[in-house]
Amino acid sequence: MTTIALHKPYGVLSQYTPDGSPNRTLAELGLPPAVWPVGRLDADSEGLLILTADKRLIDRLMSPRHAHRKTYWVQVERIPDDAALHALAAGVEISGGRTRPAQARRIDPPALPPRDPPIRYRKSVPDCWIELTITEGRNRQVRKMTAAVGHPTLRLVRAAIGDYALGDLARGAHRVLDAGDLARLLA
């Protein structure tokens with residue numbers, strides 16, 4: 001069965017059918033037939049999205065019992081101090097429940113093309129990039145986590161799933177995964 005990695009652009013829904021919004025859909029990206037997204041990335045998020053028809057792979061990546069790692073690069077308002085990063089790592093209260101422990105650290109700005117449209121810029125409010133690795137996938141979880149510690153998300157990019165990284169895959173492009181790629185994905 002074909003499994004692909006897609007660099008989902010900003011403003012694209014993680015579905016093939018329109019939802020009435022001005023957002024584009026996966027149908028416009030020239031993907032192979034009969035593959036569906038494993039999980040979601042909101043229209044205002046970008047980065048690595050896996051698509052497949054392999055039900056065992058979907059279960060392995062999505063089931064909470066597997067606690068599969070997903071790594072995000074998150075541009076946030078202001079510079080999070082060590083206490084904010086520790087709170088993200090320990091788990092925060094969002095949507096009536098505490099998140100699982102995560103990994104959180106400040107990082108240098110990643111080598112990404114500028115977002116179109118660009119994020120809002122405020123001269124008086126600095127921003128910072130953090131890397132956040134989580135093992136669950138609640139609705140808008142990363143955005144809610146950063147907001148809970150006082151650092152709203154400005155830009156969100158899924159950089160990796162398991163050990164499979166987005167790498168140099170161009171925005172809007174996809175590649176078919178081989179056995180080595182799948183092994184990294186499932187690591």
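Asn23 and Ser21 share a side-chain donor-acceptor pair at under 3.5 Å. Side-chain contact of Lys144 with Ser95: a donor-acceptor pair under 3.5 Å is present, judged by distance alone.
In this structure, Asp127 does not pair ionically with Arg78, as no charged nitrogen and carboxylate oxygen lie closer than 4.0 Å. With respect to Glu77 and Arg120, a salt bridge is recorded, a charged nitrogen being found less than 4.0 Å from a carboxylate O. Look at Glu46 and Lys8 and you find no salt bridge, because none of the NZ, NE, NH1 or NH2 atoms lies under 4.0 Å from a carboxylate O. Between Asp116 and Arg171, no side-chain nitrogen of the basic residue sits less than 4.0 Å from a carboxylate oxygen of the acidic one, so the salt-bridge criterion is not met.
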Please evaluate residues Arg140 and Asp44 with respect to the criterion side-chain contact (heavy atoms from CB on, under 4.5 Å), reporting the C-alpha separation (whole Å), side-chain torsions for both, the decisive distance (0.1 Å), and the verdict.
CA-CA 10 Å; Arg140 300 180 69 81; Asp44 52 356; 3.3 Å; yes
Could you check Lys55 against Leu57 for side-chain contact (heavy atoms from CB on, under 4.5 Å), going step by step and ending with a plain yes or no?
CA-CA 5 Å; Lys55 291 182 189 324; Leu57 178 61; over 6 Å; no
Verify side-chain contact (heavy atoms from CB on, under 4.5 Å) between Asp59 and Arg65, making sure each step is shown before the conclusion.
CA-CA 10 Å; Asp59 179 61; Arg65 74 179 176 276; 2.8 Å; yes
For Arg98 and Val92, run side-chain contact (heavy atoms from CB on, under 4.5 Å): C-alpha distance rounded to whole Å, both residues' side-chain angles, the deciding distance at 0.1 Å, then the answer.
CA-CA 5 Å; Arg98 190 163 205 74; Val92 295; 5.5 Å; no
May I have the step-by-step check of salt bridge (charged side-chain N to carboxylate O under 4.0 Å, His left out) for Asp81 and Arg106, ending in yes or no?
CA-CA 9 Å; Asp81 59 16; Arg106 283 181 295 278; over 6 Å; no
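Proximity of Thr99 to Met145: side-chain heavy atoms (C-beta onward) are separated by under 4.5 Å at one or more points. The shortest side-chain heavy-atom distance between Leu88 and Leu132 falls under the 4.5 Å cut-off. In this structure the side chain of Tyr72 reaches within 4.5 angstrom of the side chain of Leu156, judged on heavy atoms.
Each of Ile79 and Leu154 belongs to its own hydrophobic cluster when Ile, Leu, Val, Met, Phe, Trp and Tyr are linked at side-chain heavy-atom distances under 4.5 angstrom. Linking ILVMFWY side-chain heavy atoms closer than 4.5 Å, directly or via other members, places Val74 and Leu41 in a single hydrophobic cluster. Cluster membership for Val38 and Leu48, using ILVMFWY side-chain heavy atoms within less than 4.5 angstrom, is shared. Residues Leu166 and Leu61 are members of one and the same hydrophobic cluster, defined by side-chain heavy-atom contacts under 4.5 angstrom among Ile, Leu, Val, Met, Phe, Trp and Tyr. Connection of Val157 to Ile130 is not established within any shared hydrophobic cluster, with ILVMFWY side chains joined at heavy-atom distances below 4.5 Å, either directly or through further cluster members.
For Ile94 against Ala148, the heavy-atom pair with the smallest separation is CG2-CB, 4.4 Å. The heavy-atom pair separating Trp129 from Asp108 by the smallest distance is CB-O, 4.3 Å. Counting all heavy atoms, side chain and backbone alike, Ala102 lies closest to Ile134 at CB-CG2, 4.1 Å. Closest non-hydrogen pair, Ala165 versus Ala160, comes out as CA-CB, 3.9 Å. When every heavy atom of Leu13 is checked against every heavy atom of Ala43, the shortest pair comes out as CD2-CB, 3.9 Å. Here the closest non-hydrogen pair linking Ala53 and Ala34 is CB-O, 3.3 Å.
No more than 12 heavy atoms of other residues, nucleotides or ligands sit less than 6.0 Å from atom CZ of Arg56. When the shell of 6.0 Å around NE2 of His86 is examined, it contains 12 or fewer heavy atoms from other residues, nucleotides or ligands.
How far CD of Gln103 is from OG1 of Thr133: 5.0 Å, rounded to the nearest 0.5 Å. Between atom CD of residue Gln75 and atom CZ of residue Arg115 there is a gap of 8.5 Å, rounded to the nearest 0.5 Å. The OG atom of Ser14 sits 8.5 Å away from atom CG of Leu6, with the distance rounded to the nearest 0.5 Å.
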Please report, to 0.1 Å, the donor-acceptor pairs under 3.5 Å made by any side chain of residues 172-187, with sequence neighbours excluded.
from: Arg175; atom 1: NH1; to: Tyr164; atom 2: OH; distance (Å): 3.0
from: Arg175; atom 1: NH2; to: Asp168; atom 2: OD1; distance (Å): 3.4
from: Asp178; atom 1: OD1; to: Gly180; atom 2: N; distance (Å): 3.0
from: Asp178; atom 1: OD1; to: Asp181; atom 2: N; distance (Å): 2.8
from: Asp181; atom 1: OD1; to: Arg184; atom 2: NH2; distance (Å): 2.4
from: Asp181; atom 1: OD2; to: Asp178; atom 2: N; distance (Å): 3.1
from: Arg184; atom 1: NH1; to: Gly180; atom 2: O; distance (Å): 3.3

All N/O donor-acceptor pairs, side-chain side in residues 25-33, below 3.5 Å, sequence neighbours left out:
from: Thr25; atom 1: OG1; to: Tyr16; atom 2: O; distance (Å): 3.4
from: Thr25; atom 1: OG1; to: Ala27; atom 2: N; distance (Å): 3.3
from: Glu28; atom 1: OE1; to: Arg24; atom 2: NE; distance (Å): 3.3
from: Glu28; atom 1: OE2; to: Thr25; atom 2: N; distance (Å): 3.4

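Side-chain atoms of Lys70 come within 3.5 Å of backbone atoms of His68 as a donor-acceptor pair (strictly under, hydrogens ignored). Between the Arg100 side chain and the Thr135 main chain, a donor and an acceptor come within less than 3.5 Å of each other.
Under a 4.5 Å side-chain heavy-atom criterion applied to ILVMFWY residues, the cluster that includes Val125 comprises that residue alone.
Here the options are Arg155, Arg40, Arg143, Arg158, the test is side-chain hydrogen bond (donor to acceptor under 3.5 Å, both in side chains), and the partner is Ser45; only Arg143 passes.
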